[in-house]
Amino acid sequence: KSLDRGKISFDADATGVINLEWDDIDQLFSTTTFELILDSGDKHYGTLAETTQDGMIRLQTAAETLELPMQNVVRMTPIKSRVIDRMDMSIDAGYSLAKANGLEQTNFGYDFKYREEKRQVSFNADASTSSSETDPKSERLFTSLNYRRFLGGQWDPFGIGQVERNDELDIDRRITLGGGMTRWLRD
């Protein structure tokens with residue numbers, strides 16, 4: 001599933017997700033395309049071919065085969081082949097009522113994430129309302145859209161857009177736009 005902060009995650013049908021220390025792995029191969037990030041910050045995309053040497057990863061890219069020492073690989077992210085598999089979505093909804101003071105609350109959340117080799121898009125929405133017999137109705141809404149482009153080197157541009165509304169803080173509408181570049185120095 002992934003490699004991050006020295007932990008590698010596998011998903012097996014019989015056991016579910018298993019987390020192991022990266023140092024405990026001798027060999028790793030998969031037909032899934034992965035983004036590999038090295039401790040130098042370099043990124044490579046490809047499948048993990050079988051290797052005859054412990055402690056090495058053989059990365060099969062579109063143009064070449066790379067032999068990489070496993071200790072130099074600090075992050076791995078799978079890149080799914082089908083568009084539908086690249087999407088991650090979740091929806092949360094809730095309602096609660098406290099009879100003692102008539103406190104009524106509703107909430108709704110939506111998360112969407114799409115990741116492919118060259119870009120990542122995520123959208124989040126979170127809304128809630130609250131009212132009681134003694135307090136006026138209050139509403140809160142927060143949405144966020146993030147876009148990140150992966151250039152293949154150590155620099156990646158990104159953009160962020162957010163809209164917020166919050167009655168309790170007297171925010172009728174707050175719009176935030178931003179962007180920049182990220183640079184991986186060393187992991």
Side-chain angles (χ1 to χ4, degrees), residues 1-92 109-126 143-162 178-187:
K1 292 186 69 71
S2 68
L3 166 66
D4 193 24
R5 296 187 175 103
K7 301 271 188 197
I8 188 161
S9 298
F10 295 94
D11 191 4
D13 291 336
T15 60
V17 177
I18 299 170
N19 293 308
L20 299 171
E21 294 288 332
W22 183 231
D23 295 340
D24 295 336
I25 305 297
D26 290 330
Q27 291 189 22
L28 190 63
F29 51 91
S30 174
T31 57
T32 301
T33 299
F34 284 91
E35 173 192 63
L36 267 69
I37 300 178
L38 305 179
D39 57 0
S40 64
D42 292 336
K43 294 179 190 173
H44 300 283
Y45 297 90
T47 58
L48 307 178
E50 284 192 61
T51 181
T52 57
Q53 297 178 12
D54 285 351
M56 296 294 287
I57 287 183
R58 179 177 286 172
L59 183 69
Q60 183 64 53
T61 69
E64 62 186 334
T65 300
L66 301 172
E67 294 281 342
L68 304 168
M70 289 178 75
Q71 75 263 15
N72 292 1
V73 179
V74 295
R75 244 188 323 276
M76 287 177 27
T77 305
I79 308 295
K80 306 291 184 176
S81 58
R82 296 185 335 165
V83 172
I84 192 76
D85 293 334
R86 295 177 184 170
M87 291 185 226
D88 233 352
M89 287 187 278
S90 67
I91 298 174
D92 300 314
Y110 175 76
D111 292 316
F112 172 83
K113 188 175 184 180
Y114 177 81
R115 170 68 200 265
E116 62 182 40
E117 190 173 310
K118 296 293 182 187
R119 70 189 52 85
Q120 177 176 313
V121 178
S122 62
F123 174 76
N124 305 322
D126 184 31
T143 60
S144 174
L145 177 65
N146 301 306
Y147 177 82
R148 186 170 178 184
R149 176 85 169 145
F150 301 106
L151 298 178
Q154 296 176 343
W155 291 92
D156 297 327
F158 67 90
I160 300 170
Q162 298 174 336
M181 296 285 282
T182 59
R183 165 116 165 97
W184 293 101
L185 299 174
R186 186 162 182 87
D187 269 321

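- Between Q120 and T77 there is no side-chain heavy-atom pair separated by less than 4.5 Å.
- The two residues S30 and T47 come nearest to each other via the heavy atoms O-CB, 3.7 Å.
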- Go through the steps to decide whether Y147 and R119 satisfy the test side-chain contact (heavy atoms from CB on, under 4.5 Å), and finish with yes or no. CA-CA 7 Å; Y147 177 82; R119 70 189 52 85; 3.4 Å; yes
List, one per line, each side-chain donor-acceptor pair under 3.5 Å for residues 62-74, sequence neighbours excluded.
unit_1 : atom_1 : unit_2 : atom_2 : d
T65    : OG1    : Q60    : OE1    : 2.5
T65    : OG1    : Q60    : NE2    : 3.3
E67    : OE2    : R58    : NE     : 2.5
E67    : OE2    : R58    : NH2    : 2.8

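- The heavy-atom pair separating T32 from I79 by the smallest distance is CG2-O, 4.3 Å.
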- Message: Run the side-chain contact (heavy atoms from CB on, under 4.5 Å) test on V121 and L145 for me, step by step, so that the C-alpha distance in whole Å, both residues' side-chain angles and the decisive distance to 0.1 Å come before the verdict.
- Response: CA-CA 7 Å; V121 178; L145 177 65; 4.1 Å; yes
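- If you take CG on D126 and CG on D92, they are separated by 9.0 Å, rounding to the nearest 0.5 Å.
- Taking each heavy atom of R148 and D156 in turn, the nearest pair found is NH2-OD2, 3.3 Å.
- Annotation: the span from L36 atom CG to D42 atom CG amounts to 11.5 Å, rounded to 0.5 Å.
- Atom CE of M56 and atom CG of D26 lie 13.5 Å apart (nearest 0.5 Å).
- At a threshold of 4.5 Å between non-hydrogen side-chain atoms, the residues M87 and K113 do not count as touching.
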- Task: Any chance you could lay out the side-chain contact (heavy atoms from CB on, under 4.5 Å) test for Y110 and M89, step after step, and finish with the verdict?
- Result: CA-CA 7 Å; Y110 175 76; M89 287 187 278; 3.3 Å; yes
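- With a 4.5 Å cut-off on side-chain heavy atoms, S81 and T33 do not count as touching.
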- Query: When you look at L59 and L48, which way does the side-chain contact (heavy atoms from CB on, under 4.5 Å) test go after all the steps?
  - Reply: CA-CA 5 Å; L59 183 69; L48 307 178; 3.8 Å; yes
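- Across all non-hydrogen atoms, the minimal contact from M181 to F158 is N-CE2, 3.6 Å.
- Atom CZ of F112 is separated from atom OG of S122 by 9.5 Å, given to the nearest 0.5 angstrom.
- Of the options R75, K80, R115, a salt bridge (Lys or Arg N to Asp or Glu O under 4.0 Å) to E35 is made by R115 and by none of the others.
- Contact between V17 and S9 at its shortest, heavy atoms only, is CG1-CB, 4.2 Å.
- When the shell of 6.0 Å around CZ of R82 is examined, it contains 12 or fewer heavy atoms from other residues, nucleotides or ligands.
- Other residues, nucleotides and ligands place no more than 12 heavy atoms under 6.0 Å from the CZ atom of F29.
- Interatomic distance, I37 CD1 to Y45 OH, rounded to the nearest 0.5 Å: 7.0 Å.
- Rounding to the nearest 0.5 angstrom, the gap separating the OH atom in Y114 from the CG atom in D88 is 12.5 Å.
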